[in-house]
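Predicted model, so just to flag it, every value in this text is computed and none were measured.
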Amino acid sequence: MQWLLNDLLEYARMGTQRNPLVPTDGERALDEAMENLKEACREVGATVTHDPLPPVPADPSQLVRLFQNLIANGIKFHGDRAPAVHVGVRRTGEDWEFSVRDNGIGIDPKHKDRILRIFQRLHGRSAYPGTGIGLATCKKIVERHGGRIWVESEPGRGSVFYFTLPALKEPVSPGEATGRK
């Protein structure tokens, strides 16, 4: 019950506590997310790899939460194999398109829009713990940053969550982008 209350409070704060979007180092945000997931990765033998990540205009703490939630799903919803997650990125015009690919249990395509809504779970809590708020939080973060989020998946073949974030209008030097607020 405490997890649910904490997750609900965090979800509600996404709409009220808004830090300014500043040039944010994608690498540092991912590193912080991975530090937060270190124990979960160790417990199940998960491997997480990534492409070099660009700086983007973001709320640094929300970018960390976005990476953390998407990677945590890839770690949690695994089958018999050890989880493997890859964070990719490519430039698409004015945006960066990120992908978080896993080798997990996958999602039936008929549920792909449903899972991004709050409290929408596809599995019972006994099979996979959680509150059903994590992906809705990701959606709220991405939309707040001017992007969009979607999933492509097939049962038994893993999932790829895609999201876009605007590219910086002006380049920044490595020391100018922040990873924390």
side-chain contact (heavy atoms from CB on, under 4.5 Å) filter on E27, not counting sequence neighbours, yields D25, H50, P52, L53
For a quick test of your reading: what N or O donor-acceptor pairs under 3.5 Å do the side chains of residues 159-168 make, sequence neighbours left out?
residue	atom	partner	partner atom	Å
S159	OG	S153	OG	2.8
T164	OG1	R148	N	3.0

Roughly how far apart are D95 CG and T92 OG1, rounded to 0.5 Å? 5.0 Å
Counting N and O atoms only, with roles assigned by atom type, does the side chain of H145 sit under 3.5 Å from a partner on the main chain of Q62, one being a donor and the other an acceptor? no
When you look at D102 and N73, which way does the side-chain contact (heavy atoms from CB on, under 4.5 Å) test go after all the steps? CA-CA 9 Å; D102 67 57; N73 268 14; 5.8 Å; no
Report yes or no: does T24 contribute a side-chain atom to a donor-acceptor pair with the main-chain N or O of V22 at less than 3.5 Å? yes
Rounded to the nearest 0.5 Å, how far apart are CG of L66 and OG of S61? 11.5 Å
Exercise: identify the closest heavy-atom pair between A46 and I75: CB-CG1, 4.0 Å
Rounded to the nearest 0.5 Å, the NE2 atom of H78 sits from the CD1 atom of I105 at a distance of 9.5 Å
Minimal non-hydrogen separation, G26 against F67, with atom names: O-CE1, 3.9 Å
Step by step, would you call L30 with F98 a side-chain contact (heavy atoms from CB on, under 4.5 Å)? CA-CA 12 Å; L30 180 63; F98 292 82; over 6 Å; no
Does L135 offer a backbone N or O that forms a donor-acceptor pair with the side chain of N69 under 3.5 Å? no
Minimum-distance pair of heavy atoms, taken over all atoms of D59 and L21: N-CD2, 3.4 Å
Applying side-chain hydrogen bond (donor to acceptor under 3.5 Å, both in side chains) as the test, list every pair that has at least one member in residues 82-91; sequence neighbours left out. T49-H86, D51-H86, R90-E97
Side chains of residues 34-41: which donor-acceptor partners sit under 3.5 Å, not counting sequence neighbours?
residue	atom	partner	partner atom	Å
E35	OE2	K38	NZ	2.8
N36	ND2	E32	O	3.4
N36	ND2	Q68	OE1	2.7
E39	OE1	R42	NE	3.4
E39	OE2	R42	NE	3.4
E39	OE2	R42	NH2	2.3

Quick one, C138 and L70 - any side-chain contact, counting heavy atoms below 4.5 Å? yes
Identify, with sequence neighbours excluded, every residue that meets side-chain contact (heavy atoms from CB on, under 4.5 Å) alongside R81. N103
